[in-house]
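Below, chain A is the first sequence line, B the second, and so on; all start at residue 1.
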Amino acid sequence: MNINMTLIGQTIAFAIFVWFCIKFVWPPISNALHERQRKIADGLDAASRASRDLELAQEKADATLRESKEQASQILEQANKRSSQMIEEAREQARAEGERIVASARAEIDQEVQRAKDELRAQVSHLAVSGAERVLEASVDEKAHRKLLDKLAAEL
Amino acid sequence: MAGNNPSPTEYIQHHLQNLTFGYHPENGWSMAHSAAEAQEMGFWALHLDTMGWSIAMGVLFIWLFRKAGKVATTGVPGTLQNIVEMVFEFVENTVHGAFHGRNPVIAPLALTLFVWIFLMNLLKLIPVDYVPEIFLRLGVDYMKMVPTTDPNATLGMALGVFLLIIYYSLKVKGVGGFAKELSLTPFNHWALVPFNLLLEVIGLLVKPLGLGLRLFGNMFAGEVIFILIALLPFWVMWTLNVPWAIFHILVISLQAFIFTVLSVVYLSQAHEHH
């Protein structure tokens, strides 16, 4: 356990190792550590930003959904209104058409009745003439009495 | 064990003798073949085992950390990188807490000290007879494996720290400032300058001495206990060996940590104006 040159040798070795450490060992480790720290911090930042974005997107989606729902209900309402209107219109049209058909039928019936009456009248006058002929047993001059008979037929 | 059944004293002495190469007054530059010869070499001798193992550990440290640093990615780290980064951050935090100036040298210095001393101390957990026995078979007489049980190694590192303390004191405070600090504290009066000077110089010199001797003392004492335990019959050794080794897992890291932190604190003081 003598104190000797080993002391100096050890000091020199120490100096060399320290120099080497300063030069080649410390910087890469230090850089890597700080780089990783920065990366992790960035990652955490990005994550929080992403979650905020997600929240915003969710809100937006909710709003859109609500809006579209409103629109849909509006459209539905309009359609309902429109359909009831159409039904009303159709009903109106049908009634008008019906009335028209009834009116024309009635007019036709009137016409028919009129014609039947006219015919009847003509036949009646004829019948009356022939009846009267038979009653009178004499020939009546149809020509002479035409005027009278027409007058009679018109009175029927 | 070395030799043919050496006595306990011989065994202990053999284990505590460094492999010394130096200038012997009679033999010239040669290996020391006994403790006495090593003693006679005086200052001009080198402990080959201390230097070899400490440099090996230093290179191991540089290689490991350089490797981790090279592959250090910003992605998911591997096992080695995790360990290295844990140590790195531990040292960085320690330095951050103890050192208040701005100096790019201090943190790498602390990392080197911590890991290097830790690795050198770690050699102590290798059973005391393994490595000396292997080297004995190879024809090497002495092999004291743990560099930190050699005061040359611990004081050598402390000397390095001491030189840095002086360097930064002079650089930050200037020659005048440093002289003023040495002579006018703690008592700011001209009549007390010699007293202050004595006090401060002793305080300054005690720093590296304390650093080196604390580490040496702890490691040497532990080593001696291990050697003493190794003298017991092999079937009871483990009852003492195992608890002592487990306890030393704490001691070796603690001593490495203490050396590092105190060095940083001393260097921090060197940067501060009073």
Pair B:L111-A:C21, side chain to side chain contact (heavy atoms under 4.5 Å, CB included): steps then yes or no: CA-CA 8 Å; B:L111 182 68; A:C21 183; 4.0 Å; yes
Gap between atom CZ of B:R66 and atom CH2 of A:W26 - 0.5 Å precision: 15.0 Å
Most chain A-contacting option - heavy-atom pairs closer than 4.5 Å, from B:P108, B:G42, B:G156: B:P108
Residue, of B:V105, B:T154, B:L164, that accumulates the most heavy atom pairs under 4.5 Å with chain A: B:V105
Pairwise distance OG1(A:T11) to CG(B:L159) - rounded to 0.5 angstrom: 4.0 Å
Largest heavy-atom contact set with chain A, pairs under 4.5 Å, which of B:A35, B:P147, B:A153, B:G160: B:A153
Top of B:F61, B:F65, B:F88 for chain A proximity - count of heavy-atom pairs under 4.5 angstrom: B:F88
Side-chain touch B:E85/A:L33, heavy atoms, less than 4.5 angstrom: yes
Heavy-atom side-chain proximity of A:F14 to B:L163 below 4.5 angstrom: no
Contact origin within A:A13 toward chain B - heavy atom pairs under 4.5 Å: both
Contact class of B:A158 relative to chain A, heavy atoms under 4.5 angstrom: neither
Separation between CE of A:M5 and CZ of B:F21, rounded to the nearest 0.5 Å: 8.5 Å
Backbone of B:L46 reached by a side-chain donor or acceptor of A:N4 within 3.5 Å: no
B:W44 CH2: over 12 foreign heavy atoms closer than 6.0 Å: no
Donor-acceptor side-chain pairing of B:S54 and A:Q10 below 3.5 angstrom: yes
Where at least one partner belongs to residues 94-113 of chain B, residue pairs that pass ring pair (Phe, Tyr, Trp, His ring centres under 6.0 Å), sequence neighbours excluded: B:F99-B:H271
Contact listing (chain B partner; residues 63-70 of chain A; heavy atom under 4.5 Å): none
Region of A:I22 in contact with chain B, defined by heavy-atom distances below 4.5 Å: both
Atom group of A:I16 that falls short of 4.5 Å from chain B, counting heavy atoms: neither
Toward chain A, the part of B:V115 with a non-hydrogen atom under 4.5 Å: neither
A:F24 atom CZ, over 12 foreign heavy atoms within 6.0 Å: yes
Side chain to side chain contact (heavy atoms under 4.5 Å, CB included) between A:T6 and B:M51, worked out: CA-CA 7 Å; A:T6 312; B:M51 287 309 296; 3.9 Å; yes
Single hit among B:I62, B:T112, B:L64 for side chain to side chain contact (heavy atoms under 4.5 Å, CB included) with A:V25: B:I62
